[in-house]
Every structure is written in structure tokens, then in C-alpha cells.
Visitor: 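Got a structure for you, questions after.
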Amino acid sequence: MQTIASPRETLATPEQLARRAGRVLRYNDMGDWTRAAPNLYPHQWSWDSAFIAIGLAHLDTRRAAKELLALFSHQWTTGKIPHIVFNQEAPPESYFPGAEHWACASTSPDAPPAPPYTSCLCQPPVHAIAALRIFEVAQRNRGEDTRAAQAFLQEAYPSLLRWHRYLSTYRDPEGSGLVTIYHPWESGTDNSPRWDTVLAAVEVGDLPPYPRYDLQHVANRSQRPTDADYDRYLWLVKLIKKASCDERSIYRYHPFLVKDVLFSAILVAANEALLEIARLVGAQEEERALITDWIERGRRGLAARWDPEVGLCLDHDLRSGRPLRVRTVAGFSLLIAGGQSPEQVDALMATLDSPAFLGHPWLRWSLPPSTSPLQEGFHRSSYWRGPTWPVVNWLLWWSLLRAGKPMWAERLRQASLQQIASSGFGEYFDPYTGERLGATDQSWTAAVALDWLANGPRRVERKVA
Ligand code: 9WN
């Protein structure tokens with residue numbers, strides 16, 4: 001029998017792990033959307049939902065489609081997909097800043113009908129990748145679901161196009177091919193050292209006292225951002241709210257305006273998926289040409305951010321006009337964007353394999369820490385400052401396959417499954433000990449495990465119970 005095993009022990013069969021992952025997703029299922037995690041994150045998060053849809057596709061493609069459509073129903077008139085849709089049933093004092101903190105965003109002329117309230121930030125656009133994945137899984141399964149998945153793509157395509165158009169215009173008025181973010185929360189990698197110098201320059205004004213509900217849901221406060229980080233996060237939110245979430249005023253006055261290479265690379269990959277969706281739904285030729293243009297522009301923009309000395313792509317601070325020289329997994333953006341020359345891919349692989357990432361001697365599993373252990377500011381248990389994150393590993397795995405590196409991809413897949421089978425469905429993991437950190441029963445961790453289990457080199461044909 002095939003098993004997922006570490007060098008020392010047999011951890012689980014793929015069937016057992018898939019059953020456990022399915023249980024996590026079912027437990028967090030709220031009907032037509034999924035909580036990011038049961039206690040720490042009782043709302044719908046944007047990029048979490050996209051990854052969740054990828055996993056759900058292996059349980060039920062129709063339910064997976066609903067996950068995305070539920071999110072798209074809260075799209076802003078600008079095309080923005082909000083980073084959080086607040087759950088009206090969430091227990092009070094469970095998450096801060098919650099719906100009441102963001103309620104004022106609903107007065108923006110661009111906001112969708114409320115309640116439910118949404119935040120006015122956004123997160124990386126994994127959604128088109130997820131939508132296409134749902135269709136591909138349905139096609140693989142054959143039968144009735146393929147027709148339903150086709151109808152889903154027809155329904156989702158206009159929302160996806162508006163979303164990508166928003167990112168390519170409001171968030172890139174320069175036409176650089178790179179997306180500007182207004183807040184570390186938009187990057188999805190909140191307290192990454194990527195943002196340290198930019199945040200250090202933000203002068204925090206008067207803030208009323210606020211609760212840190214997040215700390216009650218983790219074993220140790222060092223796993224979450226510090227109070228100083230939170231002061232800055234809330235100050236930036238205050239400024240965005242003061243600008244009535246108006247993109248043009250934000251762009252003019254905001255102190256945190258950064259070209260985020262990971263966000264931008266995900267957009268390129270998502271545009272490739274969107275182009276395929278456009279073909280499948282028979283979209284107009286002009287729309288397909290526009291998407292092709294976004295892809296090319298994105299790749300050019302990212303190539304300009306490649307730093308050969310560091311061997312990574314670097315974010316760019318629009319305020320100071322300087323690159324942010326920090327070694328994190330975001331630097332592998334060119335790999336995620338795809339379409340690179342063999343030489344460029346080799347240069348990325350050299351960095352990935354170096355002691356700064358997979359070649360570091362203390363790693364429990366051969367998986368990249370979110371921040372390089374050789375980077376100043378690395379912290380092995382603090383959130384995005386060092387721990388490994390399964391969703392990031394999923395993106396790298398998927399990108400390695402697309403880049404024609406199946407052996408590398410398979411190593412990542414095996415190690416990721418071993419990590420999850422051994423430590424559980426954590427939010428993130430200590431890269432040295434493999435200890436599970438942050439939230440437990442994190443939905444997107446279960447989701448990517450399901451996708452990995454369904455996409456081995458020799459696919460294990462099985463029904464997930
Ligand atoms: C703020 C839900 C989200 C993820 C982010 C992760 C974390 C929120 C928080 O949780 O961010 O958006 O409160 O820490 O950083 O990537 O989407 O899982």
C-alpha cells in the first residue's frame with residue numbers, strides 16, 4: 001500500500017490524509033463559503049477562498065464553484081474583490097478589526113450592498129487559477145459536472161475580467177505591469193521583513209486602544225505580529241478610511257505604496273488562466289488581446305525587478321523610489337509568473353537550492369522558509385518572518401511543474417505532504433522543528449493537501465469520503 005512516510009515513520013495513507021483534509025473543510029464550511037479557520041479567522045478571506053476552492057474541487061466541483069461565486073457577489077463596482085467578507089454570525093470579540101471597524105467602507109460609492117460588510121483592501125488574485133482548476137477537475141471526472149463547470153466559467157468570467165482590469169488600472173496607473181499595494185495585509189504576507197523599512201517610515205498618530213483577539217487563538221504571542229506592527233496596520237487602515245477608500249486619494253497621499261512582486265506574479269499566472277477561460281467561454285478577441293497584453297506587461301515589469309546579486313525579484317517602494325532588498329519566498333516571483341528562459345529558471349533554482357532556502361542545514365523538511373534564515377529579521381516561529389506556509393509551497397510546486405521541473409516539484413509535494421501528515425493542518429510551521437503554528441484546522445492547508453494528493457506523479461485514483 002502507498003503511504004506518506006518520513007525517513008523514520010509511516011505517517012498516513014493518502015486516503016487517510018485526504019479524509020482528514022475533507023473533515024477540516026467540512027467543519028469550516030458555512031454553506032456556500034468557508035471560514036479561513038474556525039477560531040482565529042471566522043470570516044471569508046479572498047485568497048484563502050481561492051485556495052479552498054482548489055481543494056474543494058476534489059470533493060465537489062459544484063461546491064467549489066459556489067465558494068468563488070459567493071466571494072464575487074461582494075465585488076466592488078471598481079472590480080475590486082475585497083480581502084475579507086465579514087461573517088454576520090461570527091462570535092463577538094473573535095476577530096479584530098471586524099465588520100464594525102470596516103462598516104464605513106460601505107458608504108463608499110464603489111462598495112457592494114451591505115451587510116455583510118467587507119474590508120476595502122484586496123489580496124493576491126489566485127481566483128482565476130482556482131476557477132480553471134475547478135473546470136479541469138470536473139473535466140477529469142467527466143459526466144454532468146463538466147457541463148455545470150462550463151456554466152460556472154461563463155458566470156465567473158466577467159467578474160474575473162473586471163477584477164484583473166481593476167488591478168491593471170487602479171493599482172498600476174503607471175502601466176508598469178506591477179501591482180501597488182496599500183497595506184501589508186494586501187500582500188497576504190503581513191509581517192514579512194519585506195515591509196520593515198517601509199513600515200518603519202510610517203509615523204503612527206493617535207490610535208484609540210484596541211484589542212488583540214488574535215493572541216487568544218495561538219499558543220504563543222511570538223507567532224503573531226507585534227503590537228508595534230499592529231499599530232502600523234491600524235494606522236494605515238485609518239488613513240485609508242479617511243480617504244473614504246478612494247483609490248486616487250490613496251495613491252496621492254498614502255505612506256505605504258509598494259509594488260509587490262509576489263502579488264504581481266500571481267496576477268500574471270492568473271491572467272494566463274483567465275486567457276484560457278476566455279477561450280473556453282468564447283470571449284471576444286479584444287478581451288483576449290487585452291489579457292495577453294497584461295501577461296506580457298507583467299512579465300516585463302517583474303523582469304525589471306530581478307536582482308542578479310541577490311538572485312531574487314525585489315519589491316519596490318514607490319515612496320522612496322528604492323528596491324526592498326530582502327530575501328523571502330516572494331523573490332521567486334519570476335518562477336510563479338512563468339514564461340521564463342531556461343537560464344532565468346536555472347538562476348532561480350540555484351537560489352532555491354542554496355543555503356538561503358532549501359539548502360539550509362537545519363530544515364526539518366526540505367521546504368522553503370517564508371523568509372530566508374540568512375536574512376536579518378528572520379524568526380523561525382513568527383508568522384511570515386520564517387515559518388513555512390503550505391499555500392506558498394503549493395504555488396511554488398505548481399510553478400515548478402509549469403516551468404518543466406517535475407522532479408523539483410515532486411520533492412516539494414512529498415515534503416509538504418509529510419509535513420502536514422506529521423504535524424497536522426496548521427496555518428504555518430516552524431521550518432527547523434516542523435512544529436505546527438498559528439491557527440489549527442486552517443482551511444487552505446487542508447485544501448492544498450487535497451490538491452497535492454490528487455496530483456501526484458502517478459495520480460492515486462480514489463474517491464474522497
Ligand atoms: C489579515 C486568513 C489570512 C490570510 C493572510 C494571513 C492572515 C490576516 C490576519 O490570515 O492575515 O488579513 O489577521 O493575520 O497573513 O495571508 O489570508 O487566513
Side-chain angles (χ1 to χ4, degrees), residues 24-25 28 30 33-55 67 71 81-87 90 93-99 101-102 105 117-127 130 181-195 210-218 221-227 229-234 236-237 240 260 262-263 266 328-330 370-371 381-395 425-429 437-448:
V24 170
L25 288 181
N28 291 336
M30 304 298 288
W33 64 274
T34 310
R35 295 179 292 195
N39 301 312
L40 184 52
Y41 307 118
H43 308 290
Q44 183 175 29
W45 260 264
S46 169
W47 77 325
D48 294 59
S49 262
F51 284 111
I52 289 165
I54 289 171
E67 181 78 24
L71 180 68
I81 293 188
H83 116 277
I84 304 177
V85 179
F86 290 99
N87 169 13
E93 308 193 350
S94 52
Y95 183 81
F96 183 85
H101 203 84
W102 283 110
Y117 294 103
T118 75
S119 99
C120 76
L121 302 175
C122 63
Q123 277 189 319
V126 184
H127 315 86
I181 58 164
Y182 306 153
H183 197 291
W185 285 337
E186 295 203 308
S187 71
T189 67
D190 314 358
N191 75 339
S192 169
R194 296 165 78 189
W195 318 128
Y210 58 88
R212 288 290 307 270
Y213 299 140
D214 57 322
L215 298 178
Q216 53 187 353
H217 303 303
V218 290
R221 66 180 297 145
S222 72
Q223 294 174 20
R224 294 283 302 170
T226 62
D227 287 347
D229 291 329
Y230 257 80
D231 284 353
R232 283 175 172 73
Y233 298 160
L234 293 170
L236 292 175
V237 168
I240 291 168
D260 175 336
L262 179 60
F263 198 126
I266 292 174
T328 71
V329 276
S370 46
T371 296
S381 62
S382 176
Y383 210 37
W384 290 97
R385 301 184 82 85
T388 59
W389 286 71
V391 283
V392 171
N393 298 336
W394 186 93
L395 277 173
F425 297 96
E427 186 183 4
Y428 42 97
F429 299 85
L437 304 170
T440 42
D441 290 341
Q442 181 84 10
S443 298
W444 66 8
T445 304
V448 294

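As the structure is a computational prediction, the values presented were derived from the model and not from experiment. Numbering of ligands and ligand atoms starts at 1, following listing order.
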Visitor: Side chains of R194 and S187: do they bring a donor and an acceptor to under 3.5 Å?
Guide: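 Result is no, nothing qualifies.
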
Visitor: Test your reading of the structure: does T189 have an N or O sitting under 3.5 Å from an N or O of ligand 1?
Guide: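 Min N/O separation from ligand 1 is not below 3.5 Å for T189.
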
Visitor: Does this structure show an ion pair linking R224 with D229, if we count only N-O contacts that are shorter than 4.0 Å?
Guide: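 Salt bridge flag = no for D229 with R224.
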
Visitor: For residues S46 and H127, is any side-chain donor paired with an opposing acceptor at under 3.5 Å?
Guide: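 Yes, because at least one side-chain N or O of S46 sits under 3.5 Å from a partner of the opposite role on H127.
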
Visitor: Only heavy atoms of R224, strictly under 4.0 Å: list the atoms of ligand 1 that pass.
Guide: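 That gives atoms 9 (C), 13 (O), 14 (O) of ligand 1.
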
Visitor: Mark up the atoms of ligand 1 that fall under 4.0 Å of a heavy atom belonging to W47, in ascending order.
Guide: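 Close to W47: 4 (C), 5 (C), 16 (O), 17 (O).
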
Visitor: Using 30° and 60° as the class boundaries, would you call the ring planes of W45 and Y41 parallel, tilted or perpendicular?
Guide: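 W45 and Y41: perpendicular rings.
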
Visitor: Side-chain donor-acceptor pair under 3.5 Å between N28 and S443, yes or no?
Guide: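 Note: N28 and S443 side chains meet the donor-acceptor criterion.
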
Visitor: Which word best sums up how the rings of Y233 and H183 line up, parallel for under 30°, tilted for 30 to 60°, or perpendicular for over 60°?
Guide: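 Rings of Y233 and H183: tilted, as their planes differ by 30° to 60°.
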
Visitor: Could you check, using the six-membered ring where one of them is a Trp, whether Y383 and W389 have ring centers closer than 6.0 angstrom?
Guide: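 Centroid distance Y383-W389: below 6.0 Å, so yes.
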
Visitor: Under 4.0 Å from a heavy atom of W444: which atoms of ligand 1 are those, numbered in the order shown and with their elements?
Guide: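 In order of number, 4 (C), 16 (O), 17 (O).
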
Visitor: Among all protein non-hydrogen atoms, which one is nearest to atom 5 (C) of ligand 1, and what is the separation to 0.1 Å?
Guide: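 It is G188 O, 3.7 Å.
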
Visitor: Closer than 4.0 angstrom, basic N to acidic O: yes or no for R35 and D441?
Guide: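 No.
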
Visitor: What are the atoms of ligand 1, with element, lying closer than 4.0 Å to any heavy atom of Q442?
Guide: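 Selected atoms, number and element: 18 (O).
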
Visitor: Could you pull out, from Y428, Y383, Y41, the option with a heavy atom nearest to atom 14 (O) of ligand 1?
Guide: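 Residue with the shortest heavy-atom distance to the ligand atom: Y383.
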
Visitor: At the 4.0 Å heavy-atom cut-off, does D48 count as touching ligand 1?
Guide: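 Within the 4.0 Å threshold, so yes.
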
Visitor: Of all the atoms in ligand 1, which lie at a distance below 4.0 Å from a heavy atom belonging to H83?
Guide: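 Matching atoms, with element in brackets: 12 (O).
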
Visitor: Show the atoms of ligand 1 that are less than 4.0 angstrom away from any heavy atom in Y95.
Guide: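 Answer, ordered by atom number: 1 (C), 8 (C), 9 (C), 13 (O).
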
Visitor: How far is atom 11 (O) of ligand 1 from the closest protein heavy atom, and which atom is that?
Guide: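 The answer is D190 OD2, 2.9 Å.
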
